[in-house]
2 protein chains.
Amino acid sequence: MPRSNIKTFRKGGLPIKVTIKEVAKHAGVSISTVSLAINKKERVSEELRQRVVKAIDELNYRPNGLARSLKSKKSKVIGLIIPDIVNPFFPLMVRGVGDTAKRFGYNIILCNTDGEVKEEATFLRLFEEKCVDGIIFTCAGRIKKSLSLLNELSIPKVILDRRLDDLSIPTVTVDNTKGAYMATCHLIGKGKQRILFISGPDQLQSSLDRLNGYQQALTENRLAVHPELITYGDFSFEGGQKALKDVIANKISFDAVFGANDMMTLGAMMVLSEFGLDIPGGIEVVGYDDILLASLFKPALTTVRQPAYEMGCEAVKMILRAIHSKKTWIPSKVFEPQLITRESSPGN
Amino acid sequence: MPRSNIKTFRKGGLPIKVTIKEVAKHAGVSISTVSLAINKKERVSEELRQRVVKAIDELNYRPNGLARSLKSKKSKVIGLIIPDIVNPFFPLMVRGVGDTAKRFGYNIILCNTDGEVKEEATFLRLFEEKCVDGIIFTCAGRIKKSLSLLNELSIPKVILDRRLDDLSIPTVTVDNTKGAYMATCHLIGKGKQRILFISGPDQLQSSLDRLNGYQQALTENRLAVHPELITYGDFSFEGGQKALKDVIANKISFDAVFGANDMMTLGAMMVLSEFGLDIPGGIEVVGYDDILLASLFKPALTTVRQPAYEMGCEAVKMILRAIHSKKTWIPSKVFEPQLITRESSPGN
DNA sequence: TTGAAAGCGCTAACAG
DNA sequence: CTGTTAGCGCTTTCAA
């Protein structure tokens, strides 16, 4: 009964994949029995099940996921769009997404937009064609721009690390306003009065929120918000360097620096050192994100930690909820930021 | 003729996806004409093509990739297995893979093994079920262990950043022996005689190769290979710290440090600073990889650069070659390492 | 409990 | 140039 040569070869030399049909024949049962044995084990008699298992094993059968998905309308794939995996903030988040997805039997297609909004459309279309079951999306620019694209799709989606005013799509975020508020208050508590704020790109809501938190902290502590102490960078190391050099060139005085992300802040710190300014003796510095680099740099950077890994995990759980419950509305999740004090601005 | 409500809704409220059938009806042609118009534009008269395009547009039709792939036996997906995206060496490589894949119309499924060899089997099986067109693989441990798994699959594959003795599977690597040789010679050239080598995990061929290069450089320069100067780490920052602390605790003297990767080397440098050892005045330090961190650290790290991004690109081109030409054998590619001299061990 | 058969959405012979 | 049709490999009614 069992054939001697397990694999059949076609001309090219590649082994032809074993199909459910051959398993059925080999086990002496019908196709549907094999399918049932695989998917609904209970509904097949023990004897036949055994025979099927044996056949599967002997033929080294692997169900064709494409056919399966085509039929079942479930691909067990989640599409993940992020700006750039090379940006040190994202790898941890991606790990969170990947690990959690795997835990629940899902896999991810990873796409980097590299900050190009038009790429988002391409990837979204791709996801539709690939029939992904859900989409986790971290947009590159203004969320508004991407929103219409997203809303066209009937695929469940979650927005990650980007806040949205309306509640049309669930989001996973950190309270950026609060994080910046905490950092600024910390600096104020250390007696700082002229805190330089290096903001991020103003298309990002996160940037605006952080700027807001900074201003709020100043105001609440009856400190003036000096426009010349608010500068902008592009979230890169070089951007931070440039921002600080400009400030220094303009002879604007400050007694502390708070950067809207760690990379810029580190860049700024580098310039501070170059100009012989002591950290934290002269200038205290606080960043935002808590990337690995922050703790390894000299001096180690005080920063506002975002739970990137957990955010990734949460996004997956949320998308799974959206996939399985047919509910229209899924509540968003806001994580708490956490101030990590290190050498660049020690705790009290 | 055109229906007024574009999308049909099923009970749940989700729009049903438009199929080729509906496009055909809407355009008043057969489904094969639609298919031809999409895939082989030349073979359809201009008039019908126009009508099809119009219908596709009006119905907002998106071909179902699953059905397509099932029929055509091409998924346009490449499976990528790496140890850990959080390891700073990999993101650039992944970008290279992702960007190049995208350029050629492919997409990637990303899987982290987290160093677990058994995970590799899971992902490989997954790839088979998902019918990926090719696999790019960076194994976690000994390549030998994973080799039998890989060879079972009839899917084209490329091994990335891992050297293989036999030529059964094409690889993309950097000449690790040469890189380590260059770094060691550089240090010797600066008059160093007792160069501490922090090796990586000895299951990895890359580690062994680098160790080899180190020894070769010493031997060729008539310097003794002192076993006590060879220590091991796990490629992590903490691993490097620990390795160096042990060496110091054992009162082993050295005048330079060469680490098998940047993270460990940075960790070692940290310990050096803690012990008040001047870099490069007292001890010179060289790393391996040239991760972003290396250039940003103080002092900036002299290191052997691996072209991670280009390696990722090359792996994709290679896998594409393997997919398209039915050739059994694809030549491997070996990149040249490059010594980048910075503050921790300046050039001459 | 098991099998026959329909069909998921698409591609590509093949026939006209 | 265009349409008819037979599957790709699987899941899932529906009957037996």
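In what follows, chains carry the letters A, B, and so on, assigned in the order in which the sequence lines appear, proteins first and then strands, with residues in each chain numbered from 1.
Using a 4.5 Å cut-off on side-chain heavy atoms (C-beta onward), A:Phe137 and A:Arg162 make no contact. The shortest side-chain heavy-atom distance between B:Glu119 and B:Ile81 does not fall under the 4.5 Å cut-off.
Among the nucleotides C:dT2, D:dC8, C:dG3, the one closest to the side chain of A:Val44 is C:dT2.
Atoms CZ (B:Arg49) and P (D:dT2) sit 12 Å apart, rounded to a whole Å. Here the P atom of nucleotide C:dG9 and the CG atom of B:Leu59 are 14 Å apart, to the nearest Å. The distance between atom CD of A:Gln50 and atom P of C:dT1, rounded to the nearest whole Å, is 16 Å. Remark: P of C:dA6 and CG of A:Leu70 are 18 Å apart, rounded to the nearest angstrom.
In this structure, B:Ser35 contributes its side chain and B:Ile31 its backbone to no donor-acceptor pair below 3.5 Å.
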Name the atoms and distances for all side-chain donor-acceptor pairs under 3.5 Å in residues 124-134 of chain B, with sequence neighbours left out.
from: B:Glu128; atom 1: OE1; to: A:Arg62; atom 2: NE; distance (Å): 2.9
from: B:Glu128; atom 1: OE1; to: A:Arg62; atom 2: NH2; distance (Å): 3.3
from: B:Lys130; atom 1: NZ; to: A:Ser75; atom 2: O; distance (Å): 3.1
from: B:Asp133; atom 1: OD1; to: B:Ser75; atom 2: N; distance (Å): 2.9
from: B:Asp133; atom 1: OD1; to: B:Ser75; atom 2: OG; distance (Å): 3.3
from: B:Asp133; atom 1: OD2; to: B:Ser75; atom 2: N; distance (Å): 3.2
from: B:Asp133; atom 1: OD2; to: B:Lys76; atom 2: N; distance (Å): 2.6

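Classification of A:Glu46 and A:Arg49 as a salt-bridged pair holds, one side-chain N sitting under 4.0 Å from a carboxylate O. Salt-bridge check for B:Arg321 with B:Glu314: passed, with a basic side-chain N closer than 4.0 Å to an acidic carboxylate O.
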Assign a letter to each nucleotide of nucleotides 10-16 of chain D from its 5' end: B, base within under 4.0 Å of a protein heavy atom; S, sugar-phosphate only; -, no contact. BBB----
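Across all strands shown, B:Leu66 has no heavy atoms under 4.0 Å from either base or sugar-phosphate atoms.
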